[in-house]
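If you read the sequence from its start, that first residue is 1, and numbering goes on from there. Excluded from the calculations below are hydrogen atoms, water molecules and symmetry mates; all remaining heavy atoms, backbone and side chain alike, are included. One-based numbering, in listed order, for ligands and for the atoms of each.
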Amino acid sequence: MTSIQTPAIPEYSLDRECTTLSRHILQQLHSFSPEAQDLSAIMNRIALAGKLVSRRLSRAGLMADVLGFTGETNVQGESVKKMDVYANDVFISVFKQSGLVCRLASEEMEKPYYIPENCPVGRYTLLYDPIDGSSNVDINLNVGSIFAIRQQTGDDLDGEGADLLTDGRGQLGAGYIVYGPSTMLVYTIGNGVHSFLLDPSLGEFILAQENIKIPNHGPVYSTNEGNFWQWDEAIRDYTRYVHRHEGYTARYSGALVGDIHRILMQGGVFLYPGTMKNPEGKLRLLYETAPLAFLVEQAGGKASNGVKPILDIVPDKLHARSPLIIGSNEDVSLVESFIQDHKRRSNGN
Ligand code: FDP
């Protein structure tokens with residue numbers, strides 16, 4: 001009798017070492033300085049928040065009181081969803097008694113939230129969008145969380161977070177978590193961009209790809225074309241250009257993180273330009289566009305508001321918005337060239 005040979009199923013089917021997020025961060029830091037250890041501990045807390053949000057989302061439709069609106073509106077005037085509140089609180093609670101982060105600022109809170117017991121030692125601020133793309137939550141589609149870590153400068157005695165009104169170049173780390181078919185965390189601490197997949201059976205984020213590089217050009221353009229007649233002529237012309245040239249394909253999920261992730265992996269451009277009603281667009285600088293710009297630049301891509309790099313913009317308030325054109329170098333530059341042409345023409349040059 002011949003015995004049937006069953007192929008050994010490797011624990012991790014992809015040919016890679018099983019590197020956890022915490023191990024990876026320590027390898028990236030190459031140092032055991034107090035600052036390196038802080039950054040590593042902060043990243044691990046963010047990962048914990050990601051796991052808690054992911055667990056809640058995976059059961060959302062099965063549990064009472066998880067989906068739908070709270071009936072409140074946030075500081076942006078948007079209707080708040082129950083998942084927004086849950087995820088916002090999760091990020092706060094994972095940093096309580098951590099001694100790491102003194103202050104958190106998010107889309108859901110008008111002013112920064114202080115954790116006074118951390119403040120004597122924790123000189124960091126976490127900026128975050130707890131649930132980005134929340135219109136997708138109730139229909140079981142992908143959403144994300146976006147985060148950035150900044151050093152706190154000064155004591156912020158009035159609690160307004162004025163020291164946060166600086167450009168994005170000082171971000172110590174940034175990234176996002178995509179809650180899709182799997183949960184994926186993508187981060188940078190200024191040393192390349194790396195992605196991790198959550199293995200729910202282990203409760204660990206496992207390295208998926210190291211040093212991700214965004215293609216220099218890609219086929220995808222991702223934007224809400226429903227706003228076409230609200231845009232400047234320059235953006236309308238760019239859109240007409242992609243309609244008339246072969247090799248472009250439109251993709252837009254209504255959730256920024258998922259759309260950016262696609263572009264990071266496959267190349268292309270995401271646009272959320274200003275509109276007639278909202279010249280600064282919709283997306284918030286400190287916890288949406290600046291963290292994503294930092295990450296995409298680290299992957300070799302580009303992020304602009306049409307006239308200058310997102311990372312050079314200094315916000316005038318905590319919840320300031322900025323137009324966003326982000327993705328592959330070539331594609332972002334092409335959009336910028338349409339904007340410059342229009343400016344030149346309207347100046348009569
Ligand atoms: P949402 O308001 O659903 O949280 O962050 C804002 C955001 O989603 C992005 O995730 C998304 O790309 C964009 O708004 C969608 O806005 P439009 O519906 O105006 O296209």
*In ligand 1, which numbered atoms sit nearer than 4.0 Å to a non-hydrogen atom of Ser135?*
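The list of qualifying atoms is 3 (O).
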*With heavy atoms of Ser134 as the reference, note each atom of ligand 1 found under 4.0 Å away.*
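Result: 1 (P), 3 (O), 4 (O).
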For [atom], grab the closest protein heavy atom and report residue, atom and distance to one decimal in Å.
| atom | answer |
| --- | --- |
| atom 5 (O) of ligand 1 | Glu288 OE2, 2.5 Å |
| atom 19 (O) of ligand 1 | Tyr272 OH, 2.6 Å |
| atom 14 (O) of ligand 1 | Lys282 NZ, 2.9 Å |
| atom 15 (C) of ligand 1 | Tyr252 OH, 3.3 Å |
| atom 4 (O) of ligand 1 | Gly133 N, 3.0 Å |
| atom 11 (C) of ligand 1 | Gly254 O, 3.4 Å |

*Donor-acceptor pair, Asp259 side chain versus Ser253 backbone, under 3.5 Å?*
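Between the backbone of Ser253 and the side chain of Asp259 there is a qualifying donor-acceptor contact (under 3.5 Å).
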*Say whether, by atom type as modelled, one donor and one acceptor occur between the side chain of Asn329 and the main chain of Gly300 under 3.5 angstrom.*
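The answer is yes, because a donor-acceptor pair under 3.5 Å joins these two groups.
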Using a 4.0 Å heavy-atom cut-off, which part of [X] comes near ligand 1: side chain, backbone, both, or neither?
| X | answer |
| --- | --- |
| Glu107 | neither |
| Leu283 | side chain |
| Ala255 | backbone |

_Would you compute the distance between atom OH of Tyr128 and atom CG of Leu286 and round it to the nearest 0.5 angstrom?_
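If we round to the nearest 0.5 Å, Tyr128:OH and Leu286:CG are 14.0 Å apart.
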*How about Phe196 and Phe205: are their ring centres within less than 6.0 Å of each other?*
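When the ring centroids of Phe196 and Phe205 are compared, they turn out to be at least 6.0 Å apart.
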_Tell me if the aromatic rings of His319 and Tyr287 count as close, with their centers under 6.0 Å from one another._
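Aromatic pair counts; centres sit under 6.0 Å.
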*When only distance counts, is Asp132 in polar contact with ligand 1, meaning an N/O pair under 3.5 Å?*
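Yes, Asp132 has an N/O under 3.5 Å of an N/O on ligand 1.
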*If we only count N/O pairs under 3.5 Å, is Leu256 in contact with ligand 1?*
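There is such a contact, yes.
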*Can you list the steps and then say if Lys282 with Glu288 is a salt bridge (Lys or Arg N to Asp or Glu O under 4.0 Å)?*
CA-CA 10 Å; Lys282 178 180 185 188; Glu288 287 183 312; over 6 Å; no
*Do other residues, nucleotides or ligands put more than 12 heavy atoms under 6.0 Å from the CG atom of Asn140?*
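Count not over threshold, so no.
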*Parallel, tilted or perpendicular: ring planes of Tyr176 versus His261, cut at 30 and 60 degrees*: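 Rings of Tyr176 and His261: perpendicular, as their planes differ by over 60°.
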